[in-house]
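A short write-up of the structure that comes next.
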Amino acid sequence: DTEVTQTPKHLVMGMTNKKSLKCEQHMGHRAMYWYKQKAKKPPELMFVYSYEKLSINESVPSRFSPECPNSSLLNLHLHALQPEDSALYLCASSQRGVGGYTDTQYFGPGTRLTVL
Amino acid sequence: QKEVEQDPGPLSVPEGAIVSLNCTYSNSAFQYFMWYRQYSRKGPELLMYTYSSGNKEDGRFTAQVDKSSKYISLFIRDSQPSDSATYLCAMKGAGANNLFFGTGTRLTVIP
């Protein structure tokens, strides 16, 4: 089973709202990722967690706040977003953490976020 | 120059045709090469994963890597309307977690 699940599937929020995106995997993977994908563009890496520790932050604005409560869960907390943050937010996981053998990333279906 | 170049298409072919999708790259440190298929408004789905140069076949799909030319290909035989999607190439170096994506090629297979 190579399933990564994400909730919610769709989210509409105002610029003053606080919301969270959730990602879950039960494959025993030790690296988890957040990507942002705009229409007709490839995914852009935002954050990488390796063994529940933040290992890569690609200069993402502080209005995006990741959290990894345990090895199976990854959250992305959203606050004071801008309309240009509207995009598909993808979670991915891979078996080994940063520094281990390079291996494949499996993506979830994404959360389609609209900021009004 | 982008790290990974991919023709965005769109590419339209009749059902049953052989499809060839390609990417070029500039970073000789890339060693792991992937092809993802992404249907509209869905997450990318891993299709093929290859290490270094060579060919890999899985059903109707064949992935080729030519590291000397920094060129990778995905061939789809007997294409089906259900193959209509955007195909993203992705690659990375050893020990790295950063994936470098191509822009994606949008494929339509016409019944």
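Chain letters run A, B, ... following the sequence lines, proteins first, then strands; residues in each count from 1.
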Just wondering, do A/Pro43 and B/Leu88 contact through their side chains at under 4.5 Å, heavy atoms?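 In contact.
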According to a 4.5 Å side-chain heavy-atom criterion applied to Ile, Leu, Val, Met, Phe, Trp and Tyr, with indirect links allowed, do [X] and [Y] form part of one hydrophobic cluster?
X: B/Ile18; Y: B/Trp35; answer: no
X: A/Val60; Y: A/Leu54; answer: yes
X: A/Leu73; Y: A/Trp34; answer: no
X: A/Leu90; Y: A/Met27; answer: yes

Please look at B/Tyr36 and chain A and tell me whether the side chain, the backbone, both or neither of the residue comes under 4.5 angstrom of a heavy atom of that chain.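 The answer is the side chain of B/Tyr36.
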Under 4.5 Å from any heavy atom of chain A - which part of B/Gln38: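 Just its side chain gets close to chain A.
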Might you point out which heavy atoms bring B/Lys92 and A/Thr104 nearest each other, and give the distance in Å?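 Where B/Lys92 meets A/Thr104 most closely, the heavy atoms are NZ-N, 4.5 Å.
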Atom pair NE2 (A/His10) and CZ (B/Arg41), whose distance is rounded to the nearest 0.5 Å: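 The CZ atom of B/Arg41 is 7.0 Å from NE2 of A/His10, to the nearest 0.5 Å.
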Could you grab the distance from atom OH of A/Tyr33 to atom CG of B/Leu99, nearest 0.5 Å is fine?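 Answer rounded to 0.5 Å: 7.0 Å.
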Please check if atom NZ in B/Lys67 has more than 12 non-hydrogen atoms from other residues, nucleotides or ligands closer than 6.0 Å.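 Enclosed: over 12 neighbouring heavy atoms sit under 6.0 Å from NZ of B/Lys67.
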Could you check whether atom NZ of A/Lys38 has more than 12 heavy atoms from other residues, nucleotides or ligands sitting under 6.0 Å from it?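 Atom NZ in A/Lys38 is crowded, with more than 12 foreign heavy atoms closer than 6.0 Å.
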Other than A/Val12, what residues sit in its cluster of Ile, Leu, Val, Met, Phe, Trp and Tyr side chains whose heavy atoms are under 4.5 Å apart, directly or through others?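 Answer for A/Val12: A/Leu116.
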Which residue out of A/Lys41, A/Lys40, A/Gln37 racks up the most heavy-atom pairs below 4.5 Å with chain B?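 That would be A/Gln37.
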Pairs meeting criterion ring-ring contact (aromatic ring centres under 6.0 Å, His included) with involvement of residues 51-76 of chain B, two or more places apart: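 Listed by first then second residue: B/Tyr32-B/Tyr51.
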Side chain from CB out, backbone as N, CA, C, O: work out which of these in A/Glu58 comes under 4.5 Å of a heavy atom of chain B, or both, or neither.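 Only the side chain of A/Glu58 comes within 4.5 Å of chain B.
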Do any of residues 101-111 of chain B come closer than 4.5 Å to chain A, heavy atom to heavy atom, and if so which ones, in number order?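 The residues closer than 4.5 Å to chain A, in numerical order, are B/Phe101, B/Gly102, B/Thr103, B/Arg106.
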According to the disulfide (SG to SG under 2.5 Å) rule, which pairs have a member within residues 46-95 of chain A, sequence neighbours left out?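 Counting only pairs at least two positions apart or across chains, the disulfide (SG to SG under 2.5 Å) contacts touching residues 46-95 of chain A are A/Cys23-A/Cys91.
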